[in-house]
Amino acid sequence: MSERKELLGDVRRVVVKIGTTSLIKDGAVSKDFMDSVADQVSRLREEGRQVLIVTSGAVGIGLKAMGVKPKPKEMPIRQAAASVGQSILMQKWSESFQKHGILVAQILMTFDVYSDRDSANNLNNTVESLLDNSVVPIINENDAVCINEIKFGDNDTLSAIVASRTDSDLLVILSDIDGLYDSNPRENKDAKFIPVVTKIDETVKAMAGGTGSGFGTGGMKTKIEAAMICRDAGCNMIIASSSVYGAVYRTVAGDDVGTLFVSGDEVPKKRRWIKSAHAGGRITIDKGAEKAVLDHKSLLPVGIRKVEGEFKKGEVVDIVCDGAVIAKGSPSYSSKELSAIAGKHSEEIEKILGYRLHADAILSENIALLII
Ligand code: GLU
């Protein structure tokens, strides 16, 4: 067995992310490319594998259809373009899969909905049910209604979050670049290709420049961030060029195509969600509490200095010390309750609030560290 096949193992569930630059060729949507993806996905399914697609292209296709130049800065025109482009995009995917008798489903995600735990869990139920019924889920961000501040922002991140949430074994990111190089190959002829990354350290992060294109929003940086999300989910990730013949099928089969980022130890799912969800508030803590949090202990009310924002219990907040966000957490109490018990000993909680759920403001299992 090849080293790549061994590292990948048996891929049961795979997410394939397709970037705008792969879909739009010479100024037009490449139907051949979409047909080829559908063809390969169909073959993977015949082998008993489940496939989800994260597709970009709504904004790019919409701008083209409306005859607007790429990357206009104003949000309204991008959002209008997304709503025009998304339906064209889905129509085309649907046609490509119909040739194989495969039904597709559209899922449009928003960061604020994902940041609500019940809604995030609901997404899982929908995806499981679609896969059980042999439907291919096709996912994009709901660009038409998202506001900049609360956005996944790029589909590299979105696809990694989808892979993490759905417990996928592999994420394949198809791009206009064939993988990771030690420097930007578009600027440096001698850039060396990296076939496998086993640890995402500072050296690897430094290799990711700001490669971008006219229509897409991603670059190597967002792909490395996606690889870190996958790593924590125990999911492998491959970046491969969409122009490599049969790239989807071949990466899943373990051929030496693209750069493989080998998964790491799996972080519990709830903690992964906390880390990736939108923070609806801020809790500033003192040095003693910071030490406890960094030692993977719970956060007690006594260590809280300030509570900002309005949030319900269970919502995600930033945990801040000396002005730096050190962790994110999902508190056992609301912002109002936390403000009332901040700086107080846990024995006083019941007297102040009239009830006590936990002695801790945030349980250790509901804290995800961002530093170290
Ligand atoms: N959601 C965007 C679109 O469909 C693409 C984001 C990205 O390029 O990563 O146009």
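In each ligand, atom 1 is the first atom listed, and ligand 1 is the first ligand listed.
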Lys/Arg N to Asp/Glu carboxylate O, Lys205 vs Glu202, below 4.0 Å
yes

Tell me every residue that passes side chain to side chain donor-acceptor pair (under 3.5 Å) with Asp182, counting only those two or more places apart in sequence or in another chain.
none

If you measure from each non-hydrogen atom of Asn155 to ligand 1, which part falls under 4.0 Å: side chain, backbone, both or neither?
both

If I apply the N/O under 3.5 Å rule, does Gly60 come out as touching ligand 1?
no

For ligand 1, which atoms have a heavy atom of Asp154 less than 4.0 angstrom away?
9 (O)

Holding to side-chain contact (heavy atoms from CB on, under 4.5 Å), I want the full list of residues that pass it with Lys312, two or more places apart in sequence or in another chain.
Glu315

Lys17 versus ligand 1: do any nitrogen or oxygen atoms come within less than 3.5 Å of each other?
no

Side chains of Leu52 and Leu131 in contact at under 4.5 Å (non-hydrogen atoms)
yes

For Gly153 and ligand 1, does the shortest N/O to N/O distance drop below 3.5 Å?
no

Against Val162, only a single residue in Ile139, Thr157, Asn155 fulfils side-chain contact (heavy atoms from CB on, under 4.5 Å); can you say which?
Ile139

Ligand 1 to Ser56, heavy atom cutoff 4.0 Å, flagged ligand atoms 4 (O), 5 (C), 7 (C), 8 (O), 9 (O)

Please indicate whether any nitrogen or oxygen in Thr55 is less than 3.5 Å from any nitrogen or oxygen in ligand 1.
no

Ionic contact status for Asp232 with Arg272, cut-off 4.0 Å:
no

What part of Asp143, side chain, backbone, both or neither, has a heavy atom within less than 4.0 angstrom of ligand 1?
side chain

